[in-house]
Amino acid sequence: MKMKKSMWNLLERIVRKAVDKKFDYSFEDFDLGAIEGPVLLVTNHVCAWDPLLIALAAKRQLAFVASEHVFRIPRLGRLAEKYLDAIPHTKASSGTKATKECIKRLRAGEAIFIASEGEQSWDGKSKGVVATTGKLVKKSGATLVTYRIEGGYIAFPRWAKGTRRGKVYVHPVKVYTPAELEKMTAEEIKAAINRDISFDVWEWQREELLRNGKMNAYISDKDCRAEYLERLVYICPSCRKIGTLRSHGNEIECSCGFKNEITETGFLKDDTPFATVSEWSDWQDDELCKLLGGESEAESQAESKELEKAQGDSSQEKGFLGVECGDKDFVLLKINGDHTEEIVSEGEIALGRIDGGFKLSVGDMSFDLSKISRMAMILANRIVFSSNEMYYEIRPHDMKGRHNLRKYLVAWQRTNANANEEEE
């Protein structure tokens with residue numbers, strides 16, 4: 001059932017007040033409502049507020065594809081299902097159900113918003129749309145409109161606790177008519193979308209410096225620009241230990257004495273060895289790949305000595321690749337098709353070696369990483385995955401904690417050849 005126009009208008013006014021309070025928000029004047037027939041609106045995915053930022057800029061009632069976990073939140077789930085008429089998408093699953101519903105809605109003449117990168121950016125850079133995007137556009141018969149959101153990542157990083165007030169700008173990039181799309185292959189459509197929505201917030205800031213003599217500043221009322229950064233970064237660049245980083249205020253530091261600060265422009269104050277969290281993230285993920293044995297056997301054996309140095313303070317029992325670096329107080333849930341949850345295990349989450357590979361454990365239950373077909377993260381504090389036709393979620397008992405779950409996702413991605421081709 002499509003949302004009533006009056007309800008949409010009311011929500012639009014409420015959202016406008018909320019966005020103006022949080023950000024220095026603006027958008028290019030473009031009336032999506034002037035386009036006749038169904039519209040598929042695709043954008044880069046930079047923060048949790050993206051659907052609201054796009055809804056205000058579109059000037060047309062939109063249907064949204066929402067993560068399945070939203071429908072498990074009592075009040076929000078009811079709002080999404082009954083009043084917003086959202087389309088549930090189960091992350092780390094095949095996604096066919098959501099795709100079919102999107103096509104059905106588009107053929108009925110609706111306009112649908114999709115953040116087709118599949119997940120919010122962790123580091124301020126686009127990762128490319130999921131593999132099935134081009135096929136969806138081809139089947140829909142809709143007009144395709146690509147949008148770009150600029151500045152949203154620094155205003156509200158995925159890993160952060162709160163927002164920072166600064167420039168957030170939304171604008172359309174290109175409109176593709178059904179006739180134009182008919183002449184393009186699914187791969188050509190996918191490539192065109194990637195070109196249109198590709199965005200690197202760090203290069204954007206550097207260009208702003210060249211144009212205006214200064215970068216955009218993002219102000220945090222409580223001076224907490226680095227708070228929760230350890231949800232993204234998990235290896236100290238100085239001592240190379242895992243799990244020893246702690247954030248407070250605008251700074252992040254390690255027990256070895258390493259310290260750095262997030263500035264108002266989003267850059268790191270001390271650019272040695274990294275100028276941005278994106279560079280830090282790329283480096284640590286490569287380091288983790290080495291620890292996982294991603295190099296030659298001789299190099300892997302040499303790296304095994306580094307494992308002894310990489311033990312963190314977060315566990316005294318189970319091991320991360322055989323060293324002390326697990327995370328305590330987690331729960332493993334089985335998620336059913338009707339959005340109900342069943343607790344199947346509780347305890348420490350850890351990654352360990354098994355014959356020929358690795359296993360992910362939660363409490364007394366373990367999964368062979370090679371048997372996990374899909375894995376993704378919800379925001380910064382939950383992992384969802386599919387294994388043996390079952391769907392699971394790992395979450396901490398303390399949802400406001402600073403656990404780094406991303407290292408487990410990276411481990412799965414680096415040990416599964418097809419991981420990067422799957423949807424979140």
Side-chain angles (χ1 to χ4, degrees), residues 19-27 43-50 52-53 115 117 119-127 148-171 197-237 245-254 258-285 377 379-381 402 404 406:
V19 168
D20 286 343
K21 184 178 180 180
K22 293 285 186 182
F23 312 112
D24 180 11
Y25 171 74
S26 62
F27 58 86
T43 184
N44 56 324
H45 198 1
V46 298
C47 75
W49 285 67
D50 289 352
L52 307 182
L53 301 175
E117 288 177 298
E119 64 171 331
Q120 296 172 44
S121 174
W122 274 104
D123 62 1
K125 297 166 66 174
S126 296
K127 58 170 282 187
R148 191 180 298 149
I149 302 173
E150 301 178 356
Y153 172 81
I154 305 179
F156 192 10
R158 180 172 181 173
W159 46 265
K161 183 179 181 180
T163 58
R164 300 99 167 89
R165 187 168 186 84
K167 180 179 179 180
V168 178
Y169 179 61
V170 176
H171 65 96
I197 70 173
S198 179
F199 186 72
D200 182 332
V201 75
W202 313 112
E203 289 305 312
W204 177 71
Q205 281 283 60
R206 291 179 176 116
E207 290 168 3
E208 289 283 287
L209 178 62
L210 292 175
R211 281 194 300 265
N212 306 316
K214 62 180 181 179
M215 296 183 183
N216 297 301
Y218 292 80
I219 310 302
S220 171
D221 292 338
K222 298 180 181 179
D223 276 337
C224 58
R225 294 190 297 270
E227 288 281 0
Y228 290 78
L229 180 56
E230 61 266 49
R231 287 176 167 180
L232 168 63
V233 293
Y234 51 85
I235 300 181
C236 171
L245 294 161
R246 297 293 180 268
S247 64
H248 52 88
N250 297 326
E251 296 181 333
I252 187 163
E253 61 183 6
C254 177
F258 167 83
K259 182 184 292 186
N260 213 325
E261 179 181 332
I262 299 289
T263 67
E264 290 183 349
T265 64
F267 282 78
L268 293 165
K269 185 176 183 179
D270 181 358
D271 61 4
T272 304
F274 313 117
T276 68
V277 295
S278 177
E279 294 173 6
W280 188 345
S281 179
D282 288 343
W283 168 81
Q284 71 176 6
D285 292 353
M377 284 191 66
L379 300 177
N381 57 5
R402 297 166 185 261
N404 184 295
R406 187 174 171 273

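Since the structure is predicted, the reported quantities are computational estimates derived from the model, not experimental observations. The first residue in the sequence is number 1, and the count goes up from there.
The shortest heavy-atom contact between T265 and M215 is CG2-CB, 3.8 Å. Closest non-hydrogen pair, R225 versus I262, comes out as NE-O, 2.7 Å. Minimum interatomic distance between W280 and P237 (heavy atoms only, all atoms of both residues): CZ2-CD, 3.5 Å. Counting all heavy atoms, side chain and backbone alike, N44 lies closest to F199 at ND2-CB, 3.9 Å. Taking each heavy atom of N250 and C224 in turn, the nearest pair found is OD1-N, 3.4 Å. Scanning all heavy atoms of the two residues, the minimum distance from M377 to R158 falls at O-NH2, 3.2 Å.
Distance alone, capped at 3.5 Å, places no donor-acceptor pair between the R231 side chain and the N404 backbone. Looking only at distances, a side-chain donor or acceptor of Q284 sits under 3.5 Å from a matching main-chain atom of L232. A donor-acceptor pair under 3.5 Å is absent between the side-chain atoms of E253 and the main chain of R246, judged by distance alone. For D270 (side chain) and N260 (main-chain N/O), no donor-acceptor pair under 3.5 Å exists by modelled atom type. Judged by distance alone, with hydrogens and angles left aside, the side-chain atoms of N212 form no donor-acceptor pair with the main-chain N or O of L209 at under 3.5 Å. Checking side-chain atoms of E208 against main-chain N and O of N216 turns up no donor-acceptor pair under 3.5 Å.
Distance check, rounded to the nearest 0.5 Å: CH2 of W159 to OG of S281 gives 12.0 Å. Here the SG-CG distance, from C47 to L379, works out to 11.0 Å after rounding to the nearest 0.5 Å. Once rounded to the nearest 0.5 Å, the distance linking CZ of F27 with NE2 of H171 reads 13.5 Å. Within the model, atoms NZ of K127 and NZ of K125 stand 13.5 Å from one another, a figure rounded to the nearest 0.5 Å. For the atom pair CG of D24 and OH of Y218, the computed distance is 8.5 Å after rounding to the nearest 0.5 Å.
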inquiry  = Test salt bridge (charged side-chain N to carboxylate O under 4.0 Å, His left out) on K269 and E251; report intermediate values, then the result.
reply    = CA-CA 10 Å; K269 185 176 183 179; E251 296 181 333; over 6 Å; no
task = Step by step, work out the side chain to side chain contact (heavy atoms under 4.5 Å, CB included) result for V170 and Y25.
result = CA-CA 8 Å; V170 176; Y25 171 74; 3.8 Å; yes
Trace of the side chain to side chain contact (heavy atoms under 4.5 Å, CB included) decision for W283 with I235 = CA-CA 9 Å; W283 168 81; I235 300 181; 3.6 Å; yes
message = Under the criterion side chain to side chain contact (heavy atoms under 4.5 Å, CB included), I'd like the reasoning laid out for V277 against W202: C-alpha separation, chi angles, the key distance, then a yes or no.
response = CA-CA 10 Å; V277 295; W202 313 112; 3.8 Å; yes
Steps toward side chain to side chain contact (heavy atoms under 4.5 Å, CB included) verdict (D285, R406) = CA-CA 10 Å; D285 292 353; R406 187 174 171 273; 2.7 Å; yes
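Residues passing the side chain to side chain donor-acceptor pair (under 3.5 Å) test with W204, sequence neighbours excluded: E150. Partners of R206 by salt bridge (charged side-chain N to carboxylate O under 4.0 Å, His left out), not counting sequence neighbours, listed by chain and number: E203. Every residue two or more places apart in sequence or in another chain that forms a side chain to side chain donor-acceptor pair (under 3.5 Å) with E230 is listed here: S247. Under the salt bridge (charged side-chain N to carboxylate O under 4.0 Å, His left out) criterion, K161 pairs with no residue at all, not counting sequence neighbours. In this structure R148 satisfies the side chain to side chain donor-acceptor pair (under 3.5 Å) test with no other residue, sequence neighbours excluded. Under the ring-ring contact (aromatic ring centres under 6.0 Å, His included) criterion, H248 pairs with no residue at all, not counting sequence neighbours.
With respect to the salt-bridge test (charged N to carboxylate O, under 4.0 angstrom), the residues E264 and R164 do not qualify.
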